[in-house]
S.K.: 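This is the structure I want to talk about, given as structure tokens.
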Amino acid sequence: MAAFHEQAVYQVYPKSFRDSNGDGVGDLRGVTEKLDYIRALGVDYIWLTPFFPSPQRDNGYDVSDYCAVDPLFGTMADMEELLREAKARGIGLMLDMVFNHTSTAHEWFQRALAGEKRFQDYYFFRDGAPDAPPTNWQSKFGGSAWAYAPEVGKWYLHLFDVTQADLNWENPAVREELKNVIRFWQGKGVRAFRFDVVNLISKPDVWQDDLIGDGRRFYTDGPRVHEHIQELVRDTGLTEAVTVGEMSSTSLAHCVRYTKPENKELSMSFSFHHLKVDYKDGDKWQLQPPDLGQLRQLFEAWQTGMAREGGWNALFWCNHDQPRVVSRLGDDRRYWKESAKMLAMCLHLMRGTPYIYQGEELGMSNAYFDALEDYRDVESVNYYHILASSGLSHEDVMARLQARSRDNSRTPMQWNAEPGAGFSDAEPWIPLGHGRMEANAETEAQDPLSILSFYRRLISLRKARPVISEGDIRFLYPDAQDVIAYQRGLGKETLLVACNFAAEEKTLSLPDAFTKASALLDSYEQAPEIDGTRLRLKPYEGAALLLVQ
Ligand code: TEU
């Protein structure tokens, strides 16, 4: 079985991780400084989000040179040192390839604007009057997905920010350029890659208005996406690498195809359906309490579906685009530790490769910013204006940002309880979160009962117990409210995991055999309460029982 089945990945957002040179911005040497901390977690890879030269409109997801280091983050020598030092600790780096689009500051785009036809074909430039975009598609960050470039009298496509122009993958020259980027980093010793929104790279041949949506149905999992990924993987020898694709608004059927080993595409995929259960009508900016029944159904469909078809999930609650899970699905006040641990075990004991986003392992909470000036994210600021101009009050819009802004996860990593949290000696580029300061690495590293220690245990358990990495999965108690429970099985071992997502007690009746099971892990750090065949779960309790027959 593939090694990544028992491995775990730690995501570092360098801008907010550790500032080594006192300019208020985290950097590569800051990551190197903290490698021992990461090693102590027991992870195998660090997914490093973009550090390439960039105007930073979208914090580095607007790349202007794929084969260099932005001076904001350091030098190529710093990158090589990080690679070397990580390797010495048995950790690989997973680099983030933002291949759906480049920054408009990239040389290719600049030469396109200067009129070079060859580079115009690297993007989607379309003729049209300055007041008539080619289609009515919407950008994911708000507004039209087309921008008019007066320099050439044409429109160009940007599914994200206006400074993130979509690349034309139908042009073989573009595909060759991108293969060379992979080869460049392979030459530096990189063996793992994440591909940003890679299921959006194949655009349709015909450009048409979307009369029922924002255009995504025309380019999501687009017509030649599998072909393009297969070619990239084949021509760069990525079949030997660990790869993960970020799939936006994808389907289970496509993720099976992306990740089935015989298709020779990717090792695993991120999908987001489980992180939309608190979107009212599917709209990120409309709040509703999480629909836990739907969450359970989604996990069941994706877990059992991928297992049945031979695909592989990347498991995650948090990343640099998502609010903090303990604030979102847990209770970051009264049941802070219990709920953070329950959420961790619910995810880590499933089938797939777990990803931990910096600070998640400490139980860091949302930012709770109360001033618009504190927000940095281009999407948040755009949507503040879109929502406010639609007639919502300032307070209402601020409440939505507090719940949904991507900046919730981008506040500085909390290394200690000092005023700057040990992130930087200078004023940080984004304010510290207003959540609890006990969520810090120094305090938690000392405490065997901390959230951090719990994550360490989960990561090592996956390596120690094949039932976690390779076992089959079946969901239990479909009718229990606010409970997600499942059973993993391999050979003689059966693992039962039951998680209470509510602030009240829940009682489940155990399968008979489980009265003889032993407690493996519990978010209350004590044996769960079992009375005959009744398992009583306390508020936000997660319990794992192991049965060996
Ligand atoms: O994210 C893609 C993506 O789908 C999200 O940005 C999502 O659209 C957003 O959270 C809106 O709710 C990737 C990166 O992870 C993100 O940081 C980049 O901004 C984006 O691609 C563009 O490169």
Side-chain angles (χ1 to χ4, degrees), residues 9 11-16 47-52 54-64 66 94-106 137-143 145 157-167 178 193-201 213-216 219-222 244-250 255 269-287 314 316-325 328 355 357-358 375-384 386-387 400-401 403-410 430:
V9 184
Q11 184 190 350
V12 170
Y13 196 69
K15 206 168 186 177
S16 303
W47 156 21
L48 198 58
T49 65
F51 52 82
F52 316 106
S54 158
Q56 298 289 322
R57 267 283 294 190
D58 188 20
N59 283 339
Y61 282 91
D62 45 333
V63 180
S64 58
Y66 291 104
M94 173 185 273
L95 297 199
D96 206 328
M97 299 288 106
V98 190
F99 284 175
N100 176 67
H101 43 266
T102 72
S103 165
T104 51
H106 196 289
W137 300 0
Q138 295 295 297
S139 149
K140 308 235 180 218
F141 292 163
L157 180 70
H158 64 91
L159 296 182
F160 292 90
D161 184 56
V162 45
T163 65
Q164 291 166 303
D166 282 59
L167 280 167
L178 299 176
F193 296 92
R194 175 220 186 231
F195 293 95
D196 191 58
V197 289
V198 69
N199 69 326
L200 309 186
I201 57 175
D214 62 5
R216 72 181 65 192
Y219 57 75
T220 301
D221 303 311
V244 58
E246 186 200 28
M247 308 301 175
S248 171
S249 304
T250 189
C255 286
S269 57
F270 290 117
S271 63
F272 293 88
H273 302 282
H274 67 296
L275 295 176
K276 297 183 178 173
V277 298
D278 52 4
Y279 291 10
K280 188 162 173 243
D281 301 328
D283 176 353
K284 170 169 177 169
W285 300 102
Q286 289 198 57
L287 309 186
F316 73 109
W317 287 126
C318 298
N319 67 25
H320 62 292
D321 295 330
Q322 297 291 329
R324 294 283 185 179
V325 71
R328 189 176 189 180
Y355 284 66
Y357 176 69
Q358 65 185 47
Y375 287 98
R376 300 287 178 270
D377 173 29
V378 53
E379 183 197 43
S380 304
V381 175
N382 284 354
Y383 269 97
Y384 177 86
I386 291 171
L387 296 171
R400 295 176 194 220
L401 287 185
R404 296 291 148 84
S405 170
R406 304 195 298 177
D407 282 338
N408 281 309
S409 56
R410 299 177 181 182
I430 186 171

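We're numbering straight along the sequence, starting at 1. Atoms within each ligand, like the ligands themselves, are counted from 1 in listed order. Hydrogens, waters and symmetry mates are skipped; everything else that's a heavy atom, side chains included, is used.
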S.K.: Give a yes/no on ligand 1: does Met247 have at least one heavy atom closer than 4.0 angstrom to it?
M.R.: no
S.K.: For Glu246 and Asp196, indicate whether the former's side chain and the latter's backbone hold a donor-acceptor pair under 3.5 Å.
M.R.: no
S.K.: What residue and atom, counting heavy atoms only, is the protein's closest point to atom 12 (O) of ligand 1, and at what distance?
M.R.: Lys284 NZ, 2.8 Å
S.K.: Fit a plane to each ring of Phe99 and Tyr66, take the angle between them on a 0 to 90° scale, and name the class: parallel (under 30°), tilted (30 to 60°) or perpendicular (over 60°).
M.R.: perpendicular
S.K.: Below 4.0 angstrom from a heavy atom of Phe141, which ligand 1 atoms are there? Numbered from 1 as shown, please.
M.R.: 19 (O)
S.K.: Working note: Asp96 + Tyr61, criterion side-chain hydrogen bond (donor to acceptor under 3.5 Å, both in side chains); need CA distance, chi angles, decisive distance, verdict.
M.R.: CA-CA 9 Å; Asp96 206 328; Tyr61 282 91; 2.6 Å; yes
S.K.: For ligand 1, find out whether one of its N or O atoms is nearer than 3.5 Å to an N or O atom of Lys140.
M.R.: no
S.K.: Examine the proximity of ligand 1 to Gln322 and report which part, side chain or backbone, both or neither, has a heavy atom under 4.0 Å away.
M.R.: neither
S.K.: Does a side chain donor of either Asp166 or Tyr219 reach within less than 3.5 Å of an acceptor in the other side chain?
M.R.: no
S.K.: Under the 3.5 angstrom rule, does the side chain of Asp62 hit a backbone N or O of Gly60 as a donor-acceptor pair?
M.R.: yes
S.K.: Out of all atoms in ligand 1, which are within 4.0 Å of some heavy atom of Arg194? Include the element for each.
M.R.: 15 (O)
S.K.: How far is atom 11 (C) of ligand 1 from its nearest protein heavy atom, and which residue and atom is that?
M.R.: Glu379 OE2, 2.6 Å
S.K.: Could you list the atoms of ligand 1 found under 4.0 angstrom from a heavy atom of His101?
M.R.: 22 (C), 23 (O)
S.K.: Which residue owns the protein heavy atom closest to atom 19 (O) of ligand 1, what's the atom, and how far is it?
M.R.: Asp58 OD2, 2.4 Å
S.K.: Just jot down the ligand 1 atoms closer than 4.0 angstrom to any heavy atom of His320, in number order.
M.R.: 14 (C), 15 (O), 16 (C), 17 (O)
S.K.: I need the nearest protein heavy-atom contact for atom 2 (C) of ligand 1: residue, atom name and distance, please.
M.R.: Val197 CG1, 3.2 Å
S.K.: What's the shortest distance from atom 4 (O) of ligand 1 to any protein heavy atom, and which residue and atom give it?
M.R.: Ser248 OG, 3.9 Å
S.K.: Establish, yes or no, whether a centroid distance under 6.0 Å links the rings of Phe272 and Phe316.
M.R.: yes
S.K.: Would you check if there is a donor-acceptor pair between the side chains of Asp221 and Thr250 at a distance under 3.5 Å?
M.R.: yes
S.K.: Given 3.5 Å as the limit, does a donor-acceptor pair link the side chain of Arg410 with the main chain of His320, or not?
M.R.: yes
S.K.: Between Ser64 and Ser103, is any side-chain donor less than 3.5 angstrom from a side-chain acceptor?
M.R.: no
S.K.: List the closest protein heavy-atom neighbour of atom 14 (C) of ligand 1: residue, atom name, distance to the nearest 0.1 Å.
M.R.: Asp196 OD1, 3.1 Å
S.K.: Do you see a donor-acceptor pair shorter than 3.5 Å between the side chains of Gln11 and Arg194?
M.R.: no
S.K.: Identify the residue among Arg404, Arg400, Lys284 that makes a salt bridge (charged side-chain N to carboxylate O under 4.0 Å, His left out) with Asp278.
M.R.: Arg404
S.K.: What is the closest protein heavy atom to atom 15 (O) of ligand 1, and at what distance does it sit?
M.R.: Asp321 OD2, 2.5 Å
S.K.: For atom 6 (O) of ligand 1, what is the closest protein heavy atom, and at what distance to 0.1 Å?
M.R.: Arg406 NH1, 3.2 Å
S.K.: Taking only non-hydrogen atoms of Phe272, do any sit less than 4.0 angstrom from ligand 1?
M.R.: no
S.K.: With heavy atoms under 4.0 Å as the rule, classify the contact between Lys276 and ligand 1 as side chain, backbone, both or neither.
M.R.: neither
